[in-house]
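Report on the structure given below.
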Amino acid sequence: MKLPEAIDHPVFAALRSAAEKVGLRSYVIGGFVRDYLLQRPSKDIDVVVEGRGIDLAQAFAEHTQSEKTAYYENFGTAMVVFGDYIVEFVGARRESYNRGSRKPVVEEGSLADDQIRRDFTINAMSISLNADDYGQLHDPFNGVADLNEGIIRTPTDPKITFSDDPLRMMRAVRFATQLDFHIEEATYAALNQNRDRIKIVSQERITEEMNKMILAPVPSKGFKILFNTGLLHLIFPDMVKLHGVDFVNGRGHKDNFYHTLQVLDNLCAMSDDLWLRWAAILHDIAKPATKRYYPKQGWTFHGHEDLGARWVPRIFKQMRLPLDQKMKFVQKMVKLHLRPIALVDDIVTDSAVRRLIVDAGEDLDALMTLCRADITTRNANKMKRILRNFDEVEKKIKDVEERDQLRNWQPPVTGDMIMQMFQIPPSRMVGQIKEAVREAILEGDIPNEKEAAVAFARSVGEQILLEQEKSK
């Protein structure tokens, strides 16, 4: 099969000219070919060279006058930017592995050697850039057929493929999730058989693949594969603990693992924010630790939102996720995720709404999206009622927000103002006055305005000083 239309772009003509100049046979391989056949746009081009990939990269950079280049002599790879395209070069190679490491012993090889070492058949296809067979598709493992049938399959024995490089197990799950493909039977079985090999892979690489999976349209598919193959038990045991249902006197609770996956899928239909998706994954993470049964109440998970929020830094550290504002955002979402839902069931007071607006701050919209995703009842009438009430809560929030201007709220009276007002140093009294002003505004006792807040702060401070004088 020839696919000259796949490489009908000046970048490929330049690659061909550069390859002819240095006398090296070269091929576009992997993701670009796969995505072209799937009709998915791609600007990342991998070129495999029968010879030194760096030599072709240098010739290509000179031919295109590209100034954005990177050469990695130790690895025999290079990168050159051409317009919107990122072109990466590597010499064709054959590999052998030591069982204690996923870093192979590499030798120079042919195109066939390079294709057989690829992870999956759909990533082993190449298109020739050579004059004698320009545009020819090389598909030794029937990758086109697997693409058409939606199959993830390894080119060779999957037990050896996954044992040699266990990260490929995460990639299998990630591709199956991203492309909505199914993993071929023997390949799936090998995930389970080789799951312990994942222990030699760095957490950074595991998390990188997991994040790509989480960004898929329906990430629950990947989590179910990870769970059923035992991989999730090794890479994310906290999540596995959510699985299962306990019964006492015939009364059980919902399976919080599958509930979490439903919340995640619901959220993904509303937002593509990776960190809000992580909040969905972690929103009930502490339920197993807080689970209690009471004869009158049934099953309870009191305080799981607070404990879960305290666990977020530990989980982020273990998963090698960023310990910055992204982590704090997830922590806030986990801590607050019950608050809007509680307003659905209770009488909605302005005070409760004000507190939610202030505590959520600029992340209020994200919180409301998470909470809407958290509504997962199978009872159609109950779902309709809850969603209707939730709409009323959102309307109430909008009304209070517009009236009281509390989004990203900052106290109208600062600590410096209080210290200057009463000529006092930093002290407990300053904190007492600030808290009193905050509560008065949130309760609606005074308007959210500087003049009213200053007057209230003065009266509170004078009262504190009077009480201090009396106690002497």
Side-chain angles (χ1 to χ4, degrees), residues 170 174 177 203-220 222-223 226-227 232 235-243 256-290 301-343 355-376 390 397 407-409:
M170 293 298 300
R174 188 253 290 186
T177 308
Q203 185 61 56
E204 288 84 355
R205 298 303 302 276
I206 291 171
T207 298
E208 180 182 355
E209 291 298 325
M210 185 177 288
N211 279 341
K212 291 176 181 178
M213 183 190 82
I214 291 169
L215 286 170
V218 186
S220 64
F223 277 109
L226 290 173
F227 179 83
L232 195 65
I235 65 176
F236 198 176
D238 280 313
M239 190 174 183
V240 173
K241 291 174 184 176
L242 291 167
H243 181 264
N256 288 302
F257 177 74
Y258 292 107
H259 165 72
T260 294
L261 295 186
Q262 183 61 62
V263 174
L264 177 59
D265 286 349
N266 290 349
L267 183 92
C268 291
M270 307 179 210
S271 171
D272 59 3
D273 186 300
L274 174 64
W275 306 109
L276 190 54
R277 294 184 181 199
W278 266 106
I281 293 167
L282 298 179
H283 80 287
D284 280 347
I285 200 70
K287 273 193 169 181
T290 57
F301 305 91
H302 294 315
H304 76 272
E305 70 280 13
D306 292 322
L307 182 59
R310 292 200 298 273
W311 282 6
V312 168
R314 170 182 64 79
I315 292 171
F316 265 54
K317 187 174 182 180
Q318 289 173 345
M319 303 296 284
R320 299 294 192 270
L321 290 164
L323 304 177
D324 56 12
Q325 289 303 121
K326 299 180 183 70
M327 181 201 73
K328 291 179 181 178
F329 167 78
V330 173
Q331 195 171 26
K332 181 196 281 189
M333 294 297 100
V334 173
K335 185 176 180 63
L336 297 180
H337 79 271
L338 291 183
R339 293 270 292 276
I341 294 173
L343 295 179
R355 291 177 188 280
L356 176 62
I357 294 171
V358 168
D359 290 344
E362 64 183 0
D363 300 315
L364 179 61
D365 292 338
L367 177 63
M368 298 304 288
T369 300
L370 173 61
C371 292
R372 188 173 285 275
D374 198 15
I375 302 170
T376 62
F390 202 82
I397 288 172
R407 180 71 69 102
N408 301 324
W409 183 74

Kindly indicate whether the side chain of S220, heavy atoms from C-beta on, has any atom under 4.5 Å from the side chain of Q262.
no
What distance do R310 atom CZ and K335 atom NZ have between them, rounded to the nearest 0.5 Å?
7.5 Å
Check whether any side-chain heavy atom of I281 lies under 4.5 Å from a side-chain heavy atom of M239, and answer yes or no.
yes
Could you check whether any side-chain N or O of T207 sits under 3.5 Å from a backbone N or O of Q203, counting only pairs where one atom can act as donor and the other as acceptor?
yes
Work out which heavy atom in A280 is nearest to a heavy atom in L267; give both atom names and the distance.
CB-CD2, 4.1 Å
Can you tell me how far the CG atom of L370 sits from the CG atom of D363, to the nearest 0.5 Å?
11.5 Å
Locate the shortest heavy-atom distance separating K317 from L323; write the atom from each residue and the value.
N-CD2, 3.8 Å
Pairwise side-chain contact, R314 with Q318, heavy-atom cut-off 4.5 Å (strictly under)
yes
Could you state the interatomic distance from OG1 (T369) to CG (D374), rounded to the nearest 0.5 Å?
12.5 Å
Looking at side-chain heavy atoms only, is the closest gap between H283 and T260 below 4.5 Å?
yes
Identify the heavy atoms of F316 and P322 that sit nearest to each other, and give their distance.
CD2-O, 3.3 Å
So, using ring pair (Phe, Tyr, Trp, His ring centres under 6.0 Å) as the criterion, who are the partners of Y258 when residues are at least two apart?
H243
Write out all pairs satisfying salt bridge (Lys or Arg N to Asp or Glu O under 4.0 Å) with one or both partners inside residues 267-285, taking only residues at least two apart or from two chains.
D284-K287
Quick test of your reading: applying salt bridge (Lys or Arg N to Asp or Glu O under 4.0 Å), list the pairs with at least one residue in residues 257-269, sequence neighbours left out, ordered by first then second residue.
none
Any Lys/Arg nitrogen of E209 or R205 sitting under 4.0 Å from an Asp/Glu carboxylate oxygen of the other?
no
Find the distance between CG (N266) and NE2 (H259) and round it off to the nearest 0.5 Å.
9.0 Å
Pairwise side-chain contact, L356 with P340, heavy-atom cut-off 4.5 Å (strictly under)
yes
How many angstroms lie between CD1 in I214 and OG1 in T177, if you round to the nearest 0.5 Å?
10.5 Å
For I315, the side-chain contact (heavy atoms from CB on, under 4.5 Å) test, sequence neighbours excluded, returns F236, D238, L282, I285, W311, M319
Residue pair P288 / L242: nearest heavy atoms and the distance that separates them
CD-CD2, 3.6 Å
Can you see which heavy atom on V334 is nearest to which on A279, and at what distance?
CG2-O, 4.3 Å
Sub-4.5 Å side-chain heavy-atom contact between R174 and E208:
no
Pairs meeting criterion salt bridge (Lys or Arg N to Asp or Glu O under 4.0 Å) with involvement of residues 319-328, two or more places apart
E204-R320, D324-K326
Residues passing the side chain to side chain donor-acceptor pair (under 3.5 Å) test with N211, sequence neighbours excluded, are W278
Does some side-chain heavy atom of E305 sit less than 4.5 Å from a side-chain heavy atom of H337?
yes
Got a donor-acceptor contact below 3.5 angstrom from the K332 side chain to the A360 backbone?
yes
Reported CZ-to-CG distance for the pair F227 and L232, which is rounded to 0.5 angstrom:
7.5 Å
